[in-house]
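First the structure, in the form of structure tokens, and then the observations on it.
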Amino acid sequence: MRKTTTPTRYRQDLKDKIVRVAMNEFKSRGVRDVKMDDIANALSISKRTLYEVFDNKEELLICGIKLDEERRKEMMTSFVVKNNPGVMDVILKFYHAQMEAISSINPVFFSDISKYDRVRAYMQELHAGRQESALEFFRRGVGEGYFRADVDYVIVSRMSNATINYVMESQMYKEYDLKYIFRNIVLVFLRGFCTLKGQEIIDKKLNEKT
């Protein structure tokens with residue numbers, strides 16, 4: 001017997017497709033330059049259909065950003081479960097994944113998303129939720145002998161976030177390639193809080209896949 005797609009399944013499939021197409025447009029052109037009309041046209045659907053699924057562009061954007069975050073978490077969780085890695089393996093995996101992601105994103109995208117209140121609030125909430133996990137990760141690195149024990153990692157975290165914010169606010173990406181900026185930020189901070197044991201691994205592997 002031929003199976004039919006239920007309305008609920010159809011709506012979910014349509015929502016997923018909208019988010020995928022919209023995020024591709026946002027990341028390649030920037031959020032402000034992409035209109036809801038553009039998204040509807042790219043999907044060959046009416047704008048009315050689009051608005052039946054998403055009330056506005058900000059709702060669509062935050063849905064896409066949350067989905068990206070879920071995929072990143074799934075990727076890292078899968079890596080940890082399959083490989084039982086040490087902290088240096090984890091941090092370098094994350095670094096290479098971020099470098100790969102950045103390579104396909106227009107820097108204007110990052111600048112644009114900060115202008116949306118709900119997105120900014122979500123990013124702040126996400127950062128706050130990561131703090132304890134990050135500190136536990138740093139403690140583990142100290143225990144494994146890769147991270148320095150005499151560093152205040154709360155300050156390191158706040159400084160790294162402030163650095164990223166400055167890059168976006170000053171639009172430094174117009175002067176330098178975003179991957180180049182990210183690599184230099186990571187290089188300075190990561191080598192700064194690593195022990196000699198950790199630095200040896202960075203010097204050996206940081207250039208891989210870049």
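Just so it is clear, the structure is predicted and the values come from calculations on it, not from any experiment.
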Around Lys17, counting heavy atoms of other residues, nucleotides and ligands shown, do more than 12 lie under 6.0 Å from its NZ?
-> no
Pairing residues for Tyr173 by the ring-ring contact (aromatic ring centres under 6.0 Å, His included) criterion, not counting sequence neighbours = none
Decide, yes or no, whether a salt bridge links Arg140 with Glu136 under the criterion of side-chain N to carboxylate O below 4.0 Å.
-> no
So, do Phe193 and Phe138 have ring centers that fall under 6.0 Å from each other?
-> yes
May I ask you to check whether Gln199 and Asp203 show a side-chain donor-acceptor distance below 3.5 Å?
-> no
What residue pairs, at least two apart or across chains, pass salt bridge (charged side-chain N to carboxylate O under 4.0 Å, His left out) with a residue in residues 150-173?
-> Arg148-Asp150
Partner of Phe26 by side chain to side chain contact (heavy atoms under 4.5 Å, CB included), out of Val21, Ile65, Val108, Ile39 | Ile39
Ser111 side chain to Gln171 side chain, donor-acceptor N/O pair below 3.5 angstrom = no
side-chain hydrogen bond (donor to acceptor under 3.5 Å, both in side chains) evaluation trace for His96 with Glu100 | CA-CA 6 Å; His96 289 306; Glu100 183 177 353; over 6 Å; no
same_hphob_cluster(Val81, Val87) at 4.5 Å side-chain heavy-atom cutoff = no
Is there a path from Val186 to Val151 through hydrophobic residues (I, L, V, M, F, W, Y) whose side chains come within less than 4.5 Å of each other?
-> yes
Determine whether Tyr176 and Asn184 make a side-chain contact, defined as any pair of heavy atoms from C-beta on separated by less than 4.5 Å.
-> no
